[in-house]
There are 2 protein chains.
Amino acid sequence: MAVSMSPKQKVYQEVLQEIRKLIDENKLKTGDKLPSERELSEKLGAGRSSVREALRAMELLGLIETKHGEGTFLSAYRPYQSVEVLASFILQETSTRNDLLQTKKKLEKEAAKMAYERLTDQNINELEKLTTDLSDDMKKQHLTYFTYLFTKTENLLLTRIWRLMEEYSHTMDAHYYDQKFYVELINIFRTRKYPSIESLFEDTVIIK
Amino acid sequence: MAVSMSPKQKVYQEVLQEIRKLIDENKLKTGDKLPSERELSEKLGAGRSSVREALRAMELLGLIETKHGEGTFLSAYRPYQSVEVLASFILQETSTRNDLLQTKKKLEKEAAKMAYERLTDQNINELEKLTTDLSDDMKKQHLTYFTYLFTKTENLLLTRIWRLMEEYSHTMDAHYYDQKFYVELINIFRTRKYPSIESLFEDTVIIK
DNA sequence: ATAAATAGGTGGTCAGACCACTTAACTATT
DNA sequence: AATAGTTAAGTGGTCTGACCACCTATTTAT
């Protein structure tokens with residue numbers, strides 16, 4: 001056995017490094033096109049399937065974007081995809097009911113506080129309409145209501161994580177608040193009583 | 001053209017979902033063995049190369065561990081690989097950065113509030129020791145400090161999600177607070193001034 | 001009983017073949 | 001000449017089959 005064995009990296013990991021080098025040397029920027037899979041395969045002396053394993057991993061990490069028939073492009077780094085995938089596995093692995101519902105509730109609380117600062121009177125009226133629409137069931141109403149608030153947070157990552165939890169919660173049997181809650185929150189928005197948001201959430205129990 | 005086209009997901013993404021289902025249904029835990037690539041390929045009706053694309057991506061994300069000649073195993077989530085890869089690729093984008101740091105901060109705030117109710121005097125002393133240990137750099141100190149607090153939340157899901165963001169934030173250049181912050185938070189714990197937690201966090205700026 | 005050889009299962013990798021999609025060049029029609 | 005339609009080439013998407021390398025357990029030979 002050789003004295004110093006390099007840990008024998010897998011081909012797709014080497015490809016990953018080579019692609020990074022390539023980007024560096026050619027000073028490629030967001031939106032630029034990478035060489036085609038076949039070209040990379042030939043230049044790097046690796047099979048196309050190995051190149052694809054590297055590219056798919058990069059894609060999942062949000063580093064590249066692939067367009068069928070066009071090519072592979074460097075993308076602005078947005079960890080949303082990977083965070084989502086990871087979160088989905090973490091959720092499935094750990095989610096005790098309580099953890100999920102408790103965490104989701106906290107995200108909703110923070111979203112309400114963030115939205116608070118950006119809501120106009122007009123916005124509040126729109127939101128109110130959503131609560132009075134009785135054609136939807138509670139589940140859908142909750143979703144609509146908070147989707148609106150999360151939009152106002154202007155934090156896409158926060159929104160996506162919440163949305164993921166919201167979807168997971170649908171597989172359980174509890175995921176919304178008492179009808180009065182939604183009305184009261186609007187009331188707080190109107191009367192500008194910021195500190196009440198915290199207590200409203202903390203005092204509210206999730207409906208089973 | 002059909003009226004409503006589903007976005008036609010790629011096979012490897014479907015495989016990803018199916019594997020998650022499989023883990024869920026069979027209640028697989030860390031260390032358990034996944035079906036072999038060939039078996040998955042057959043069961044899911046996908047080519048082995050597509051299955052591998054999914055598995056390689058999962059591997060890079062640290063969700064599974066592969067042992068040549070043995071099989072594929074669920075691993076305790078260790079994002080080493082993905083963080084390393086990302087770090088070497090990432091061009092920082094402000095909007096994304098802000099989303100992440102803002103969200104992470106809110107999770108830390110909620111953790112502090114949850115921990116508050118469970119911290120004993122003994123715990124607070126332990127926590128204080130962590131802040132006075134000057135052998136670590138700020139990054140590590142922040143990690144240690146909040147890891148402790150998140151443990152106290154007894155919400156594994158919340159902890160995992162935070163940890164994920166913490167890891168991701170390391171690929172950026174800002175992730176901790178002013179030294180005074182950590183001391184002040186301990187002070188709040190000692191003097192039992194719960195409401196101050198909210199304001200402490202809201203008034204604190206992330207160090208760049 | 002021990003050691004060696006073997007067989008089967010598993011991941012690692014490659015080559016080649018199609019398919020689906022996009023774009024641009026070319027051609028036929030007006 | 002302008003337009004519409006066709007074609008060809010390039011690209012990603014996917015599958016199949018073939019080996020190789022590695023591990024384990026069984027079998028076999030000593």
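Each chain gets a letter, A, B and so on, in the order its sequence line appears, and its residues count up from 1.
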Side-chain heavy-atom pair A:E108, A:H142 within 4.5 angstrom cut-off: yes
Between P of C:dT13 and CZ of A:R52, the distance in whole Å: 16 Å
Axial cation check for A:F201 ring with A:K106, 6.0 Å and 45° limits: no
Side-chain (B:S41) to main-chain (B:A46) donor-acceptor, under 3.5 angstrom: yes
Whole angstrom value for the distance that separates P of C:dG12 from CD of A:E53: 8 Å
Check: A:T147 side chain, A:L143 main-chain N or O, donor-acceptor pair, under 3.5 Å: yes
Separation of atom CD in B:E37 from atom P in C:dG9, rounded to whole Å: 16 Å
Spacing of B:E59 atom CD relative to C:dG11 atom P, expressed in whole Å: 11 Å
B:N26 side-chain N/O to B:L28 backbone N/O, donor-acceptor pair under 3.5 Å: no
Whole-Å distance separating the CG atom of B:L40 from the P atom of C:dG12: 13 Å
Phosphate-side-chain proximity, B:T72 and C:dT10, N/O vs OP1/OP2 below 4.0 Å: no
Test item: B:I197 and B:F189 side chains (from C-beta on) under 4.5 Å apart, heavy atoms: yes
Along DNA chain D, first and last positions that approach a heavy atom of chain A under 4.0 Å: D:dG10 to D:dC22
Exercise: do A:N155 and B:T103 side chains pair donor with acceptor under 3.5 Å: yes
Polar side-chain atom of A:K152 near backbone of A:E117 as donor-acceptor pair, under 3.5 Å: no
Helical bend (five base pairs per end, nearest 10°) for the helix from C:dA1-D:dT30 to C:dT30-D:dA1: 30°
Sequence-aligned protein contact record of nucleotides 14-22 of chain C, with B where the base is within under 4.0 Å of a protein heavy atom and S where only the sugar-phosphate is: B--BB-BBS
B:Y176 ring center near B:Y182 ring center (under 6.0 Å): no
N/O donor-acceptor pair under 3.5 Å between A:S169 side chain and A:L101 backbone: no
Over 12 foreign heavy atoms within 6.0 Å of CG, A:D203: yes
